[in-house]
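It should be emphasised that the depicted structure is a prediction, and the values quoted were computed from it without experimental measurement. Values below: every heavy atom of this structure, side chains too, minus hydrogens, waters and symmetry copies.
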Amino acid sequence: MRKPIIAGNWKMFKSVAEAIALVREMRADLDAVCDVEKVLCPPFTSLSVVAELVKDTDTRVGAQDMHWEDQGAFTGEVSPLMLKELCQYVIIGHSERRQYFGETDESVNRKVKTSLKHGLVPIVCVGENLAQNEAGQTDSFVGGQVRSALRDLTAAQVSGLVIAYEPIWAIGTGRAATGVMANRIIGTVIRGTINLLYGAQTAQSVRIQYGGSVSPDNISEFMSQPEIDGALVGGASLVAAKFVPIVRQAAASKRP
Ligand code: PGA
């Protein structure tokens with residue numbers, strides 16, 4: 001059984017003081033839900049305080065990006081060695097990084113390899129844009145992103161990572177995919193690609209989230225799908241009154 005995983009991607013929101021307030025508001029409620037892995041991904045500036053606030057709970061912390069080198073003259077960048085002291089997860093290849101900051105399939109693959117080398121679990125993001133979706137290119141595009149992201153990884157490494165399927169047209173738009181559609185891409189395209197490359201056992205052990213306008217109103221629709229193991233939540237993760245119900249419902253809908 002794959003343990004469901006709900007991650008909150010705070011993006012470039014929340015000062016340190018605001019981050020502290022949000023975590024204090026949700027900490028006990030999140031801790032009370034034990035059948036779901038919970039991950040908070042604040043900006044770099046708040047990783048340290050958030051890690052401190054949840055250290056005695058089973059809520060985990062993740063970064064939103066990292067560099068692929070261990071250290072060096074890379075002004076403005078943050079390395080996996082630095083993140084390792086603060087968190088367990090790292091989002092890699094989010095579509096906003098691909099779109100605005102020059103992230104490529106190749107840099108995603110380098111980052112995935114380095115994160116695994118240092119024991120950080122990557123949450124690898126893939127997903128098609130609206131034009132690709134409308135042109136019927138979703139399967140080939142997303143399958144290609146998965147192949148590139150996993151290049152040169154072993155089956156053992158692949159089975160431990162998390163993939164987030166986030167159709168770009170659904171991110172921040174209030175227009176989520178349907179559960180059935182996301183389930184097909186996640187099962188047939190993403191798990192299917194891993195099955196071809198690494199076999200059924202590995203494909204069955206990878207956790208794959210849906211992301212894009214997830215809310216308390218639609219989380220159950222996604223979680224009730226057999227191939228969907230959780231969600232990467234953006235906007236709704238910034239509000240305790242939305243994120244806590246999402247986590248609770250995720251636990252309730254995956255309970256056997
Ligand atoms: P959203 O963002 O939930 O605000 O659509 C999801 C994401 O970008 O990870």
Side-chain angles (χ1 to χ4, degrees), residues 2 5-7 9 11 39 41 62-66 68 89-116 120-153 157-173 175-198 202-214 222 225 227-234:
R2 301 182 293 264
I5 174 167
I6 303 288
N9 172 13
K11 308 194 180 187
V39 185
C41 304
Q64 298 173 17
D65 186 30
M66 56 163 232
W68 59 76
Y89 287 87
V90 56
I91 298 172
I92 292 184
H94 190 280
S95 62
E96 286 150 16
R97 297 224 58 88
R98 295 179 191 254
Q99 204 174 337
Y100 307 127
F101 303 103
E103 189 86 86
T104 63
D105 282 344
E106 197 205 339
S107 61
V108 167
N109 177 244
R110 291 171 93 164
K111 291 178 181 189
V112 169
K113 283 193 235 167
T114 324
S115 65
L116 290 166
L120 288 162
V121 179
I123 299 175
V124 186
C125 300
V126 296
E128 81 288 0
N129 66 27
L130 187 59
Q132 290 162 329
N133 184 280
E134 288 176 347
Q137 295 163 352
T138 299
D139 294 15
S140 60
F141 182 75
V142 172
Q145 282 185 318
V146 172
R147 280 176 184 272
S148 305
L150 306 187
R151 190 164 294 140
D152 302 329
L153 298 188
Q157 287 177 315
V158 172
S159 56
L161 52 77
V162 177
I163 296 179
Y165 168 58
E166 298 205 303
I168 296 172
W169 47 267
I171 295 178
T173 57
R175 189 185 151 206
T178 64
V180 170
M181 186 219 137
N183 190 66
R184 188 188 73 78
I185 306 293
I186 288 174
T188 309
V189 180
I190 301 179
R191 229 180 272 292
T193 300
I194 298 171
N195 188 18
L196 280 176
L197 297 172
Y198 294 96
T202 305
Q204 284 310 314
S205 57
V206 180
R207 290 185 294 173
I208 310 179
Q209 303 171 308
Y210 166 77
S213 296
V214 169
F222 292 109
Q225 297 290 335
E227 299 289 351
I228 303 182
D229 303 315
L232 182 55
V233 186

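Y210 approaches A182 most closely through the heavy-atom pair CD1-CB, 3.7 Å. Residue V121 comes nearest to G160 through the heavy atom pair CG1-O, 3.6 Å, listed as atom of the first residue, atom of the second, then distance. The nearest pair of heavy atoms linking V90 to S115 is CG1-CB, 3.8 Å. Y89 and V162 make their closest contact through CE2-CG2, 4.3 Å (heavy atoms, listed as atom of the first residue, atom of the second, distance). In terms of heavy-atom proximity, L153 sits nearest to Y198 at O-OH, 2.8 Å. The two residues I168 and G127 come nearest to each other via the heavy atoms CD1-O, 3.9 Å.
Taking CG of L161 as the start and CG of L116 as the end, the distance is 6.0 Å to the nearest 0.5 Å. The distance from atom CG of L150 to atom NZ of K113, rounded to the nearest 0.5 Å, is 11.0 Å. Taking CD1 from I185 and CD from E128, the interatomic distance works out to 6.0 Å, rounded to the nearest 0.5 Å. To the nearest 0.5 Å, atom CD of residue Q145 and atom CG of residue N109 are 12.5 Å apart. The structure places CD of Q132 at 4.0 Å from CZ of F141, a figure rounded to the nearest 0.5 Å. Atom OG in S159 sits 11.0 Å away from atom CZ in R207 (nearest 0.5 Å).
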*Stepwise, does the side-chain contact (heavy atoms from CB on, under 4.5 Å) test hold for N9 with I123?*
CA-CA 11 Å; N9 172 13; I123 299 175; over 6 Å; no

*List the steps, then state whether side-chain contact (heavy atoms from CB on, under 4.5 Å) holds for V108 with R98.*
CA-CA 9 Å; V108 167; R98 295 179 191 254; 3.9 Å; yes

_Full working for side-chain contact (heavy atoms from CB on, under 4.5 Å) between N133 and M181_ = CA-CA 12 Å; N133 184 280; M181 186 219 137; 4.2 Å; yes

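In this structure the side chain of R147 reaches within 4.5 angstrom of the side chain of L196, judged on heavy atoms. Side-chain contact check for I5 versus Q209: some heavy-atom pair is nearer than 4.5 Å. Counting only heavy atoms from C-beta outward, the side chains of Q99 and I171 never approach each other to under 4.5 Å. No side-chain heavy atom of R97 sits under 4.5 Å from any side-chain heavy atom of I91.
In this view, W68 satisfies the side chain to side chain donor-acceptor pair (under 3.5 Å) rule with no residue, not counting sequence neighbours. In this view, E103 and S107, K111 satisfy the side chain to side chain donor-acceptor pair (under 3.5 Å) rule, not counting sequence neighbours. R191 meets the side chain to side chain donor-acceptor pair (under 3.5 Å) test with E227, D229; sequence neighbours excluded.
When each of V189, I190, V124, L232 is checked for a side-chain contact (heavy atoms from CB on, under 4.5 Å) with Y165, only I190 meets the rule.
Within 6.0 Å of atom CD in E106, 12 or fewer heavy atoms from other residues, nucleotides or ligands are found, so the atom counts as exposed in its surroundings. No more than 12 heavy atoms of other residues, nucleotides or ligands shown are found within 6.0 angstrom of CZ on R151.
Look at D152 and R110 and you find no salt bridge, because none of the NZ, NE, NH1 or NH2 atoms lies under 4.0 Å from a carboxylate O.
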